[in-house]
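This chain uses plain numbering: 1 for the first residue, then up along the sequence.
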Amino acid sequence: MEGYNSPPRPSGTGRNLLGFKDGTANPTGTLASDLIWVDDQQEPAWALGGSYLVVRLIRMLVEFWDRVSINEQEGMFGRRRDTGAPLDGTGEFDTPNYKADPNGYVIPLDSHIRLANPRTPPTANQRLIRRSYNYDLGVDLNGNLQSGHIFIAYQQDLERQFETVQKRLLNEPLVDYVQPFGGGYFYTLPGVRDASDWYGKTMLA
């Protein structure tokens, strides 16, 4: 499936077809490395340094979504639509302060950002390195848009990371506006280390 990136508007992270910035809180640096690469606790030697890849194709019910007020939309995401800031912040990359809002009066307890990343010590190793693309397949036989989201995420452990996060998101309000319809689990082999190496070499050693 062909996807495309939306240009940052007005700046920062690109937007999905629901109008919100997507991918703001990706882990970076050493933290990201600790969450991606498979070690000898999970896979045989030929797979060390690889990564599990999840792909999900998600249709977004854009027409239905557009009937919802901006305030409701922001409550479902937990972020401002214009700036991408968490509802308790002012900038896109501000860290939400859940401890100061334990009852969810500012950022609802069932908002997407709060469920996806609760920002607690026990859930820190469940985070994903993700990248999303928009897609557009025109309209269906009923005249409804066939468009949405190609979600791609890398992780060290499928059960600990992707599957655990998805279980938290099962009953989030956004489920009424999105329809997953395809995708799969894949394994990305270790990369090429130097000029004497080649992709897939570990499988043939």
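Neither side chain, Thr123 nor Asn117, offers a donor N or O lying under 3.5 Å from an acceptor on the other. Between the side chains of Arg160 and Gln155, no donor-acceptor pair of N or O atoms lies under 3.5 Å. Using a 3.5 Å distance cut-off with no hydrogens or angles, the side chains of Thr83 and Glu92 do not pair a donor with an acceptor. Judged purely by distance below 3.5 Å, without hydrogens or angles, the side chains of Arg80 and Gln73 never pair a donor atom with an acceptor atom. With no hydrogens or angles considered, a side-chain donor-acceptor pair links Glu72 and Ser69 at under 3.5 Å. When only modelled atom types and interatomic distance are considered, Glu163 and Tyr185 share a side-chain donor-acceptor pair under 3.5 Å.
Of the possible donor and acceptor atoms, none in the side chain of Trp37 sits under 3.5 Å from a partner among the backbone N and O of Gly50. Using modelled atom types, no side-chain atom of Arg193 and backbone atom of Trp198 make a donor-acceptor pair closer than 3.5 Å. Formation of a donor-acceptor pair under 3.5 Å by the Glu172 side chain with backbone atoms of Asp110 is not found in this model. Of the possible polar contacts, one joining the Tyr199 side chain to the Leu189 backbone as a donor-acceptor pair under 3.5 Å is found. When atom types are taken as modelled, the side chain of Arg15 and the backbone of Phe20 share no donor-acceptor pair closer than 3.5 angstrom.
Leu87 approaches Val106 most closely through the heavy-atom pair CD1-O, 3.3 Å. Taking each heavy atom of Asp34 and Gln156 in turn, the nearest pair found is O-NE2, 3.6 Å. Annotation for Gly78 and Ile113: closest pair O-CD1, 3.3 Å, computed over non-hydrogen atoms.
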Inset, instruction - Start with the C-alpha gap between Thr30 and Ser33, add the side-chain angles, then the distance that decides, and say whether side chain to side chain donor-acceptor pair (under 3.5 Å) holds. - result: CA-CA 5 Å; Thr30 303; Ser33 296; over 6 Å; no
Legend entry - Verdict with supporting geometry, Asn16 and Asn134, side-chain contact (heavy atoms from CB on, under 4.5 Å): CA-CA 6 Å; Asn16 59 38; Asn134 298 320; 4.0 Å; yes
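More than 12 heavy-atom neighbours from other residues, nucleotides or ligands sit within 6.0 angstrom of CZ on Phe151. Within 6.0 Å of atom CD in Glu2, 12 or fewer heavy atoms from other residues, nucleotides or ligands are found, so the atom counts as exposed in its surroundings. No more than 12 heavy-atom neighbours from other residues, nucleotides or ligands sit within 6.0 angstrom of CG on Asn171.
Note that CG of Leu61 is 12.0 Å distant from CG of Leu17, once rounded to the nearest 0.5 Å.
The residues Arg81 and Glu74 are annotated as not salt-bridged, no charged nitrogen and carboxylate oxygen being separated by less than 4.0 angstrom. In summary, Asp82 and Lys21 do not engage in a salt bridge, as defined by a charged side-chain N under 4.0 Å from a carboxylate O. Here Asp101 pairs with Arg114 in a salt bridge; the nearest charged N to carboxylate O distance falls below 4.0 Å.
Residues Arg131 and Tyr133 form a side-chain contact, since some pair of their non-hydrogen atoms from C-beta on lies under 4.5 Å apart.
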